[in-house]
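These notes concern the structure reproduced below.
Just so we're on the same page: letters track the sequence lines, and every chain starts at 1.
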There are 2 protein chains.
Amino acid sequence: MLIDPDKAAGKPAPAGTSTLDLALRAVEYLVQQSRASSLAQIAEALSASKATIYRHLVTLQKHGFVRQDAQTGRYEAGIKLMVLGEALRQRFDIVSAAREELMILRDHTGQAVTVCAAIDAELIVLELIQGRTLIEFATRPGTRLAFHASAHGKIWLAFGSQERTAAIADGPLQAWTPATIITKEALLADLDRVRERGWATAPDEVITGVNTLAAPVFDHRQILVGSIAIVGATQFITPVPDPEQIREVVGSAARISRGLTWQV
Amino acid sequence: MLIDPDKAAGKPAPAGTSTLDLALRAVEYLVQQSRASSLAQIAEALSASKATIYRHLVTLQKHGFVRQDAQTGRYEAGIKLMVLGEALRQRFDIVSAAREELMILRDHTGQAVTVCAAIDAELIVLELIQGRTLIEFATRPGTRLAFHASAHGKIWLAFGSQERTAAIADGPLQAWTPATIITKEALLADLDRVRERGWATAPDEVITGVNTLAAPVFDHRQILVGSIAIVGATQFITPVPDPEQIREVVGSAARISRGLTWQV
DNA sequence: CGTTTCATTTCATATAATGAAACGTCATTT
DNA sequence: AAATGACGTTTCATTATATGAAATGAAACG
């Protein structure tokens, strides 16, 4: 009997399905492309045969994950992904529970307001209430943020699960700007300050000239379920923010937390 | 030899891959659920064996389309769908080309502004600039609209492909409110008015008390590529809108069209 | 401490995915 | 107008690989 080359090389057995794996890679490939791709192109990129990819695309198209241009016959990502993404976003309790309060926060501060939640190892923007400025600094729903280089992230590291904080602090910390915190010591020291104060900032740490002021939202069990923040030019949200701004953000977060206590 | 029941029934051969089909149905099932589902639940809903679904979930999870709750072991939709949805949205030229102009439109009218595009048989919201009101009527990016019962939709029926218009007009027209247009004759007559005027409204047709005023955006070939609209309470956008509002919306659409002429 | 409930793994079987090559269609070229 | 090339689509024999029943292991429950 021959020795399985995969097992011999120490690789664990696949355990999943390779057919599905290939199809999912096709979807991801199409989303990355900025224009529609030809069948041959996709097949070559994934090193699979045209026939195989073709059949997968037919099924993906049937479900709306992929669409084919009627004119050129080329393939591109389907809008089902957008629809499913929005459906998923709506499932987060905090989104509906917080909207009214966030509108008020936007009106009081004039700045854009964002809501984030961490799922496993990802920190994702769930909601954006646009500010009054013409230029938009804030990140849109569906965007992923870095834990160590965003005010939202620091809230989750300071008040979220310790395992996550330990994992992030130990891992490599990428520098987005010269101001990004990249050493474990500096990060942990900053988190201590965040815990003390109850709010976090990240001046110039993700984009130079932009600052964010974030505060935690807890549920009835005092478990962190979301973070809210105002986002704007450093000119409006200074590195040491106006006490009034801090009062507004922390106050809104506390009121949303209280709102989450009711609906269990 | 037995006769294949599918072929005997006149059904065309599958042509696609049934494995992938099952996996995609699993994703859609999980998105629909409001809570995390157990493996057995999913398997039963899709009438497949637990083992099969399990392997698919493993692969889907590897790609982030699905996530497993560490505590309960149950499965739910993964945030990859949100991330892919946002990536897809950004691909539409009109989104980046129009933002600044839309901000100005919002400031001039005080109402929420939305952008839509039709892809095949679907009309989808691409962008939302929130108005100044606390209560939000406008639809979010990723939402699908009805062609016959929305101002955006009427723009696409009036200025888009004739095939689509014919197909929609012939099909059944669902009534969302008592004011929704549900007869072919009334719809076609309304579209004539839209073509004449260059703008469309849909007072009380999708939600009672809400009105939308939409205008078309064309590219350098005079092909419809998007529609923009202001959305608000009927109190602010009356069934026969203020001439000033019409001027603003139609003017913004024209300027965005001109902007799309440059970048070819 | 037994019982239930669940996710996960095993394994033999045959279903269903696979790739090479042929086909049909359209657009461009000579 | 015929020839070429590019591309999506279909065919078909082969076997890789997805499949389901049942076993396993691990929690949660009473």
Side-chain angles (χ1 to χ4, degrees), chain A residues 1-7 11-27 29-30 33 35-63 66-78 120, chain B residues 1-7 11-27 29-30 33 35-63 66-78 120:
Chain A
M1 184 182 174
L2 290 174
I3 295 168
D4 183 321
D6 274 359
K7 284 185 182 166
K11 293 178 190 172
T17 58
S18 66
T19 295
L20 177 54
D21 185 85
L22 177 60
L24 294 180
R25 273 162 45 214
V27 171
Y29 175 84
L30 286 177
Q33 304 304 307
R35 276 182 278 289
S37 308
S38 75
L39 176 59
Q41 223 170 69
I42 305 167
E44 212 226 314
L46 305 178
S47 19
S49 91
K50 279 206 306 178
T52 300
I53 297 294
Y54 172 73
R55 282 181 292 249
H56 286 179
L57 290 176
V58 167
T59 304
L60 286 166
Q61 184 178 18
K62 202 182 88 184
H63 286 262
V66 154
R67 79 167 219 108
Q68 182 173 31
D69 190 292
Q71 250 80 89
T72 65
R74 296 168 99 88
Y75 291 92
E76 58 188 329
D120 299 328
Chain B
M1 183 183 176
L2 291 173
I3 296 168
D4 184 322
D6 275 358
K7 283 184 182 166
K11 293 179 190 170
T17 58
S18 67
T19 294
L20 177 54
D21 185 84
L22 177 60
L24 295 180
R25 272 161 46 215
V27 171
Y29 175 83
L30 286 177
Q33 302 306 307
R35 278 181 278 287
S37 309
S38 76
L39 176 58
Q41 218 169 73
I42 306 168
E44 211 228 314
L46 305 177
S47 21
S49 91
K50 279 206 305 177
T52 301
I53 297 293
Y54 172 72
R55 282 180 292 249
H56 287 180
L57 290 175
V58 167
T59 305
L60 286 166
Q61 184 178 18
K62 202 183 87 185
H63 285 261
V66 154
R67 80 168 221 107
Q68 183 174 30
D69 190 293
Q71 249 77 96
T72 64
R74 296 167 100 89
Y75 292 92
E76 59 188 327
D120 300 328

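Rounding to whole angstrom units, CG of residue Leu20(A) and C1' of dT17(D) are separated by 13 Å. Taking atom CZ on Arg74(B) and atom C1' on dT8(C), their separation rounds to 16 Å, with Å as the unit. Nucleotide dT18(C) holds its P atom 12 Å from the CG atom of Leu57(A), rounded to whole Å. Distance, Asp69(B) CG to dT8(C) P: 12 Å, rounded to whole Å. Distance CG (Leu46(B)) to P (dT19(D)): 12 Å, rounded to an integer number of Å. If you measure from atom CG of Asp21(B) to atom C1' of dT19(D), you get 16 Å, rounded to the nearest angstrom. Leu39(B) has its CG atom 10 Å from the P atom of dC6(C), to the nearest Å.
Looking at heavy atoms from C-beta onward, Tyr75(A) lies out of side-chain contact with Gln33(A) at the 4.5 angstrom threshold. The side-chain heavy atoms of Arg74(B) and Arg35(B), taken from C-beta on, include no pair separated by under 4.5 Å. Proximity of Thr19(A) to Thr52(A): side-chain heavy atoms (C-beta onward) are nowhere separated by under 4.5 Å.
For the OP1/OP2 pair of dA16(C) and a distance below 4.0 Å, the side-chain nitrogens and oxygens of Thr19(B) include no atom meeting the criterion. OP1 or OP2 of dT19(D) lies within a sub-4.0 Å distance of a side-chain N or O belonging to His56(B). The side chain of Thr72(A) contributes no N or O atom lying less than 4.0 Å from OP1 or OP2 of dC7(D). The side chain of Tyr75(A) contributes an N or O atom lying less than 4.0 Å from OP1 or OP2 of dT9(D). Between Gln68(B) and dT8(C), a side-chain N or O to OP1/OP2 separation shorter than 4.0 Å is present. One finds no side-chain N or O of Gln71(A) lying less than 4.0 angstrom from the OP1 or OP2 phosphate oxygen of dG8(D).
In this structure, dG8(D) forms a base pair with dC23(C), meeting either the Watson-Crick or the G-U wobble geometry with both donor-acceptor distances under 3.5 Å. Across all strands shown, dT15(C) forms a Watson-Crick or G-U wobble pair, both distances under 3.5 Å, with dA16(D).
Nearest to the side-chain atoms of Tyr54(A) among the listed nucleotides dA18(D), dT10(D), dG8(D) stands dT10(D). For Ser18(A), taking side-chain heavy atoms from C-beta onward, the closest of the listed nucleotides dT17(D), dG8(D), dA7(C) is dT17(D).
A side chain to side chain contact (heavy atoms under 4.5 Å, CB included) with His63(A) holds for exactly one of Thr59(A), Leu60(A), Val66(A); it is Thr59(A). With Arg25(B) as the partner, the side chain to side chain contact (heavy atoms under 4.5 Å, CB included) test is satisfied by one option alone out of Leu20(B), Ile42(B), Leu46(B): Leu46(B).
Taking 4.0 Å as the cut-off between side-chain N and carboxylate O, Arg67(A) and Glu76(A) count as a salt-bridged pair.
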Any N/O pairs under 3.5 Å between the protein and nucleotides 20-22 of chain D? List them or say none.
from	atom 1	to	atom 2	distance (Å)
dG20(D)	OP2	Ser49(B)	OG	3.0
dG20(D)	OP2	Thr52(B)	OG1	2.2
dG20(D)	N7	Arg55(B)	NH2	3.4
dG20(D)	O6	Arg55(B)	NH1	3.3

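At least one donor-acceptor pair under 3.5 Å links the side chain of Gln68(B) to the backbone N or O of Gly73(B).
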